[in-house]
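Position 1 is the first residue of the sequence; numbering continues from there.
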Amino acid sequence: KPEIGKAIELAGMEWLILDKTEKGYFAILNGFDGKERTFDSDSNNWISSKLRNELNTRFLKKITDELGEDAVIELDRDLLSLDGQTEYGHCKDRISLLTVDEYRKYRKLLPNMSKWWWLITPWSTPVNDYSTIMAVVSPSGIIGNFSCVSVNGVRPVCILKSNIFVSKVEE
């Protein structure tokens with residue numbers, strides 16, 4: 001069984017278990033998903049971002065092809081901006097990125113990384129004339145900001161269904 005704070009191998013990738021929820025295990029890719037990339041070409045809204053689309057299609061398929069279609073459970077994403085704007089609301093994802101609040105909550109389990117990486121929290125929203133600035137994590141672990149067209153590391157998160165960890169043969 002997975003343990004919080006420990007890494008596990010699934011679908012040819014190493015995942016760090018951040019939490020156990022009633023639905024399954026909340027996990028983050030223990031490293032980066034391939035090449036660095038932009039968040040989107042013109043918006044800091046996760047709902048319409050190119051990165052969200054890619055993670056919930058191509059990346060999700062990598063996992064479900066190996067573990068089954070129901071291995072990854074949908075999770076609610078709160079797109080509250082860093083300055084408290086609620087303009088973008090909530091969305092549901094099967095593959096996502098951490099929010100600033102989740103990053104703070106699980107920081108003690110997350111080692112520093114070699115490069116900057118995306119969070120899904122916008123710095124602010126169009127109501128304050130901010131439509132492209134995103135929260136990111138620096139190599140030293142502090143939260144900074146970059147334009148959505150910048151190129152950064154990607155650390156997908158998801159909830160893995162508990163039953164995928166039950167061994168087929170229990171003696």
Side-chain angles (χ1 to χ4, degrees), residues 10-16 18-19 24-67 69 71-83 85-107 110-139 141-160:
L10 275 179
M13 296 173 268
E14 190 176 81
W15 295 86
L16 180 65
L18 297 177
D19 213 344
Y25 292 93
F26 187 54
I28 188 169
L29 195 64
N30 203 18
F32 294 106
D33 169 36
K35 67 185 184 347
E36 296 180 68
R37 47 207 187 282
T38 63
F39 186 86
D40 192 61
S41 56
D42 63 4
S43 174
N44 64 357
N45 186 345
W46 173 247
I47 291 172
S48 60
S49 74
K50 289 184 175 124
L51 185 53
R52 177 184 188 225
N53 181 57
E54 181 188 343
L55 290 177
N56 281 279
T57 54
R58 185 190 63 77
F59 186 82
L60 177 62
K61 186 172 172 7
K62 253 198 264 190
I63 300 170
T64 56
D65 280 355
E66 186 160 326
L67 301 174
E69 195 51 50
V72 180
I73 296 171
E74 194 174 71
L75 65 163
D76 180 68
R77 310 313 291 141
D78 184 351
L79 303 177
L80 177 71
S81 70
L82 202 65
D83 66 343
Q85 297 299 326
T86 58
E87 200 170 334
Y88 293 154
H90 286 247
C91 67
K92 301 262 188 238
D93 284 332
R94 287 176 69 197
I95 304 289
S96 195
L97 301 176
L98 289 178
T99 64
V100 165
D101 291 335
E102 289 167 338
Y103 175 70
R104 284 194 299 238
K105 179 177 179 179
Y106 301 115
R107 174 63 177 125
L110 294 163
N112 290 344
M113 301 300 288
S114 60
K115 49 192 168 195
W116 293 83
W117 49 283
W118 292 114
L119 297 173
I120 63 169
T121 302
W123 203 250
S124 189
T125 61
V127 77
N128 283 335
D129 294 325
Y130 276 84
S131 59
T132 61
I133 306 299
M134 294 300 304
V136 291
V137 178
S138 78
I142 64 162
I143 292 171
N145 67 68
F146 276 129
S147 167
C148 63
V149 299
S150 302
V151 175
N152 288 301
V154 177
R155 299 191 68 193
V157 296
C158 62
I159 295 178
L160 299 161

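Relative orientation of the Trp46 and Phe39 rings is tilted, given thresholds of 30° and 60° on the angle between their planes. By the 30° and 60° cut-offs, the orientation of the rings of Trp117 relative to Tyr103 is perpendicular.
Remark: the backbone N or O of Asn128 is not paired with any side-chain donor or acceptor of Gln85 at under 3.5 angstrom. Under the 3.5 Å distance criterion, the side-chain polar atoms of Arg37 are left unmatched by any main-chain donor or acceptor of Asn152. Listed for the Ser138 side chain is a donor-acceptor partner under 3.5 Å among the backbone atoms of Gly141.
Other residues, nucleotides and ligands place more than 12 heavy atoms under 6.0 Å from the NZ atom of Lys62. The local environment of OH in Tyr106 is crowded, with over 12 non-hydrogen atoms from other residues, nucleotides or ligands closer than 6.0 Å.
Across every non-hydrogen atom of Phe32 and Ser114, the tightest pair is CE1-OG, 4.0 Å. Here the shortest heavy-atom pairing between Tyr88 and Pro126 reads OH-CD, 3.1 Å.
Distance CG/Asn56 to SG/Cys158: 10.0 Å, rounded to 0.5 Å. Rounding to the nearest 0.5 angstrom, the gap separating the CG atom in Leu82 from the OG atom in Ser124 is 9.0 Å. With values rounded to the nearest 0.5 angstrom, Arg52 atom CZ is found 12.0 Å from Asp40 atom CG. To the nearest 0.5 angstrom, Met134 atom CE is 9.0 Å from Leu51 atom CG. Of the inter-residue distances, the one linking Asn30 atom CG with Trp15 atom CH2 reads 10.0 Å to the nearest 0.5 angstrom. Asn44 CG to Trp123 CH2: the interatomic distance, rounded to the nearest 0.5 Å, is 11.5 Å.
Side chain to side chain, Asp83 and Ser81 meet the donor-acceptor criterion of an N or O pair below 3.5 Å. Donor-acceptor pairing under 3.5 Å is recorded for the side chains of Lys50 and Ser41.
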Under the criterion side chain to side chain contact (heavy atoms under 4.5 Å, CB included), I'd like the reasoning laid out for Leu18 against Leu98: C-alpha separation, chi angles, the key distance, then a yes or no. CA-CA 11 Å; Leu18 297 177; Leu98 289 178; 4.2 Å; yes
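With contacts defined as side-chain heavy-atom distances shorter than 4.5 Å, the pair Val137/Leu110 does not qualify. In this structure, Arg94 and Thr64 have side chains that are in contact, with non-hydrogen atoms separated by less than 4.5 Å. No side-chain heavy atom of Val154 sits less than 4.5 Å from a side-chain heavy atom of Glu54. Within the 4.5 Å cutoff, the side chain of Leu55 has heavy atoms near those of the Asp33 side chain.
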List, one per line, each side-chain donor-acceptor pair under 3.5 Å for residues 71-79, sequence neighbours excluded.
| unit_1 | atom_1 | unit_2 | atom_2 | d |
| --- | --- | --- | --- | --- |
| Asp76 | OD1 | His90 | ND1 | 3.4 |
| Asp76 | OD2 | His90 | ND1 | 2.8 |
| Arg77 | NE | Ser96 | OG | 2.8 |
| Arg77 | NH1 | Glu102 | OE2 | 2.9 |
| Arg77 | NH2 | Leu97 | O | 2.8 |
| Arg77 | NH2 | Glu102 | OE1 | 2.6 |
| Arg77 | NH2 | Glu102 | OE2 | 3.3 |
| Asp78 | OD1 | Leu80 | N | 3.0 |

